[in-house]
A.B. asks: 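What follows is a single structure, and I will ask about it in a moment.
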Amino acid sequence: MISYNEALEIIRIEFNKLNVKTEQIDLLNSVNRVLAEDILSDINLPPFDNSAMDGFAIKFNQNIKEWKITGEIPAGKFNNYILNEESAISIMTGAKLPAGCDTVIPVEDVKIKNDFAYLNEGVRFAKGINTRKQGEDLLKGKLAIPINTLLKPHHIAVAASCGRSMLKVFKRLKIGVLATGDELVDIHETPAGDKIRCSNLYAIISAVRDINMHSVNFGIAKDDKQLIHDRLKWALESELDILITTGGVSFGKFDYVKEVYENLGVETKFWQVKIKPGKPVLFGTYERNDVKTMVFGLPGNPVSSLVNFFLFVQQNIMNLFKLKINNRFTATLEDDLKKEDTKRHFMRGVYSCGNDGKYYVKKMGNQSSGNLAEMGKSNCLIIIEEARMNPRKGETAECIMI
Ligand code: AMP
Ligand code: MG
């Protein structure tokens, strides 16, 4: 059995062999996609010196505190008034500064009487205030957004101001999902007798969608070797980047997934990892017509399959696209934790931010990998490394937001 870090490294090496393609898409469709080019500014930002406030454009002189108002410049309606130290132009936020103007006095700092603006008592002003210089945000030709950025609305804003209506992004990975199990019924049914609802299919597909990848639903297959064979063959021939199955991958008499994968030509890279939950996880690769597919056999326990998705699939997709991992943090334990084996544990917990600005985490009462409802109440995984035994309240642990 290999360790968690060894498993991650094996997956990382194989993921790097994926042929990630790029495409041009409309700016408005690019949110939550990964940028596949550097975006440079085609103009200076801002394009001209302008006012940062609604106020009065002046030529600064420390000793002059009243000005004759000689004109008005709304935003987008420039008029090149000539300023001297005794005059002021009423100017709006974003309007281009007239020649000679180096300072803007906010409208709320003056009193206006008979076309004169008088600085209010006690107002301090200095040369240059409330002006924005051409190119001070970004100079023409400079890097606005780097490649491998996960595009959020604030990046779209920058791309828009650089005049980019189309962006080159990485194509979304195509990820197939199949659940296996004789006991499974679909969620529209009320399970009777020894049946249960198939939650995994929905959990994994939504986890795929949550990271904005493209999911393909291969449904539920019964624990019948031929049925699983046919369904997996179909999935493997569908030119997927990643295929994920849940269930049927441990030691049960009817756990056929590993055997069928291998019969179909999947090369197993590892099976079983020293982790909890999710020990039986399988990872392999498949190649057909020059298309490489990463194959994951996740265990059927609903907690295990989802935790394994976060740990192996999601984490490696983020690495593949060189995205910053920003869902990890350190928190202080609010309980003693029981851990007496040398596996790496990922316990479900609830984190919160204390009045001291630090993170605290409480573990969920039930850590059974079948206890889905408890996972539904949690918001993080608490990582307890291999060698660490029974961590105590007050100690810290690394956590992953989920
Ligand atoms: P397995 O990995 O197939 O041995 O399944 C382990 C446990 O997970 C069993 O209790 C299954 O009933 C349960 N299980 C398997 N697949 C699913 C699924 N798609 N949705 C919910 N529970 C499942
Ligand atoms: Mg099963």
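In this text, all values refer to a predicted model and were calculated from it rather than measured experimentally. Counting starts at 1 for both ligands and their atoms, following the listed order. Basis for what follows: all heavy atoms, side chains included, without hydrogens, waters or symmetry-related copies.
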A.B. asks: Short question: side chain of Thr103, backbone of Gly128 - any donor-acceptor pair under 3.5 Å?
C.D. replies: yes

A.B. asks: Identify the closest protein heavy atom to atom 9 (C) of ligand 1: which residue and atom is it, and at what distance?
C.D. replies: Glu183 OE2, 4.0 Å

A.B. asks: May I have the step-by-step check of side chain to side chain contact (heavy atoms under 4.5 Å, CB included) for Tyr359 and Thr330, ending in yes or no?
C.D. replies: CA-CA 7 Å; Tyr359 286 118; Thr330 300; over 6 Å; no

A.B. asks: Report the part of Val249 in contact with ligand 1, treating N, CA, C, O as backbone and CB onward as side chain, heavy atoms under 4.0 Å; options are side chain, backbone, both, neither.
C.D. replies: neither

A.B. asks: Look at atom 4 (O) of ligand 1 and say which protein heavy atom is nearest, naming residue and atom and giving the distance to 0.1 Å.
C.D. replies: Ser250 OG, 4.0 Å

A.B. asks: Could you identify the single nearest non-hydrogen protein atom to atom 17 (C) of ligand 1 and state the distance to 0.1 Å?
C.D. replies: Asn200 ND2, 3.2 Å

A.B. asks: Hey, are Asn212 and Arg33 close enough side-chain-wise for a donor-acceptor pair under 3.5 Å?
C.D. replies: no

A.B. asks: Would you mind running through ligand 1 and noting each atom that sits below 4.0 Å from a heavy atom of Pro302?
C.D. replies: 21 (C), 22 (N)

A.B. asks: Tell me whether Arg12 contacts the main-chain N or O of Asn319 through its side chain, where contact means a donor paired with an acceptor under 3.5 Å.
C.D. replies: no

A.B. asks: Do the numbers put Lys96 on top of the ring of Phe78, so that NZ or CZ is under 6.0 Å from the six-membered ring centre and no more than 45° off the axis?
C.D. replies: yes

A.B. asks: Exactly one of Lys343, Lys339, Arg344 should register a salt bridge (charged side-chain N to carboxylate O under 4.0 Å, His left out) with Glu386. Which one does?
C.D. replies: Arg344

A.B. asks: Measure Leu184 to ligand 1 on non-hydrogen atoms and call it side chain, backbone, both or neither using the 4.0 Å cut-off.
C.D. replies: side chain

A.B. asks: Given Gly181, Gly300, Gly248, Ala203, which one has a non-hydrogen atom that is nearest to atom 3 (O) of ligand 1?
C.D. replies: Gly248

A.B. asks: What I want to check is whether the side chains of Glu9 and Asn5 have a donor and an acceptor closer together than 3.5 Å.
C.D. replies: no

A.B. asks: Enumerate the atoms of ligand 1 whose separation from the nearest heavy atom of Arg197 is less than 4.0 angstrom.
C.D. replies: 20 (N), 21 (C)

A.B. asks: Looking at atom 22 (N) of ligand 1, what's its closest protein heavy atom, distance included?
C.D. replies: Ile196 CD1, 3.4 Å

A.B. asks: Before you tell me yes or no, could you show the steps for Ile275 and Asn308 under side chain to side chain contact (heavy atoms under 4.5 Å, CB included), namely the whole-Å CA-CA distance, both residues' side-chain angles and the distance that decides it to 0.1 Å?
C.D. replies: CA-CA 9 Å; Ile275 54 169; Asn308 278 201; 3.8 Å; yes

A.B. asks: Who's closest to atom 20 (N) of ligand 1 heavy-atom-wise, of Pro299, Ala179, Ser199, Gly370?
C.D. replies: Ser199

A.B. asks: List the closest protein heavy-atom neighbour of atom 10 (O) of ligand 1: residue, atom name, distance to the nearest 0.1 Å.
C.D. replies: Asn301 OD1, 4.2 Å

